[in-house]
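Down below is the structure, laid out as structure tokens.
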Amino acid sequence: MKRIGILGSGIVGQTLANGFLKHGYEVMIGTGDVTKLAEWKTNAGEKASSGSFSDAAVFGDLIILSVKGTAALEGIKKAGASNLAGKTVIDTTNPIADAPAENGVLRFFTGLDESLMEMEQKAYPEIHFVKAFNSVGNPFMVNPQFPGGKPTMFICGNWDAAKAEVTAILDQFGWETEDMGKAEGARAIEPLCMLWCIPGLLRNQWTHAFKLLKL
Ligand SMILES: NC(=O)c1ccc[n+]([C@@H]2O[C@H](COP(=O)([O-])OP(=O)(O)OC[C@H]3O[C@@H](n4cnc5c(N)ncnc54)[C@H](OP(=O)(O)O)[C@@H]3O)[C@@H](O)[C@H]2O)c1
């Protein structure tokens, strides 16, 4: 039985926590303010707990990074690099800037030849980052049901064993997985968040996911 440590108490952290609990894992959510999680903990059952960022990092065999993009590096620092060394960290974050969207297009603080996950991997080379869950809205992260069948989750990262671990989780969570290579693949996967949000920001349409069609 795997123990999952979640760094981030927002809607993504709570949604994935509930998904892992549903699939029988033990979960601890790490936050700077545990009072935010009182209601979640009451409803989540005995396999759920909360603590600090470093408590969750120590607890988890596998870690989810689900903090605000501008705070991703800070969140990892608070969790403690040594607590995360050698562990698979699923990076759900997006480099969304603190600036308004332009005609429905979010602004990023990264350029086309860089990505947030590469910054994280460079700052913490001993952590096994895998990008995933960043290109879909939280209501569809766990066992989504679409008439067109299973949607596609694009993943990337430098560590093949970590990507295999994440692929097995995505299988449980009802996704097909496409491996887009090493950490540089995040330069393409992170902006899918922009594309996913455009129909929502322009027309209030938020109920979709990406699928890669193949021959
Ligand atoms: N919302 C979605 O549907 C969605 C979908 C795909 C990907 N994402 C990405 O997933 C990530 C989480 O999104 P979200 O909507 O759940 O929440 P969010 O509002 O983007 O982030 C909330 C989390 O960020 C943490 N945080 C903020 N400033 C911090 C700092 N200085 N140091 C450490 N932690 C800090 C908060 O910590 P505390 O717990 O201490 O408050 C909280 O846990 C984001 O990067 C987002 O782009 C979101």
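Indexing begins at 1, ligand by ligand and atom by atom, following the structure's order. Just so it is clear, the structure is predicted and the values come from calculations on it, not from any experiment.
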- Item | Verdict with reasoning, F146 to F140, per ring-ring contact (aromatic ring centres under 6.0 Å, His included) | CA-CA 9 Å; F146 286 101; F140 303 103; 5.1 Å; yes
- How about H23 and F173: are their ring centres within less than 6.0 Å of each other? yes
- Query: Are K131 and E120 close enough for a salt bridge, meaning some N to O gap below 4.0 Å?
  - Reply: no
- Task: Taking the side chain as every heavy atom from C-beta outward, state whether L37 and T31 have any pair of such atoms under 4.5 Å apart.
- Result: yes
Which atom pairs, nitrogen or oxygen on both sides, join ligand 1 and the protein at under 3.5 angstrom?
| from | atom 1 | to | atom 2 | distance (Å) |
| --- | --- | --- | --- | --- |
| ligand 1 | 3 (O) | N138 | N | 3.0 |
| ligand 1 | 3 (O) | N138 | ND2 | 2.9 |
| ligand 1 | 10 (O) | T92 | O | 3.4 |
| ligand 1 | 10 (O) | T92 | OG1 | 3.4 |
| ligand 1 | 16 (O) | I11 | N | 3.1 |
| ligand 1 | 16 (O) | V12 | N | 2.9 |
| ligand 1 | 21 (O) | K68 | N | 3.2 |
| ligand 1 | 24 (O) | K68 | N | 3.0 |
| ligand 1 | 32 (N) | K78 | NZ | 2.9 |
| ligand 1 | 39 (O) | S9 | OG | 2.5 |
| ligand 1 | 39 (O) | T31 | OG1 | 2.6 |
| ligand 1 | 40 (O) | T31 | OG1 | 3.3 |
| ligand 1 | 40 (O) | G32 | N | 2.7 |
| ligand 1 | 41 (O) | K36 | NZ | 2.3 |
| ligand 1 | 43 (O) | S9 | N | 2.7 |
| ligand 1 | 43 (O) | S9 | OG | 3.4 |
| ligand 1 | 45 (O) | V67 | O | 2.8 |
| ligand 1 | 45 (O) | G69 | N | 3.4 |
| ligand 1 | 45 (O) | N94 | N | 3.3 |

- Query: Does E165 come within less than 4.0 Å of K2, counting only side-chain N to carboxylate O?
  - Reply: yes
- Query: Can you check whether D98 reaches T70 side chain to side chain, under 4.5 Å on heavy atoms?
  - Reply: yes
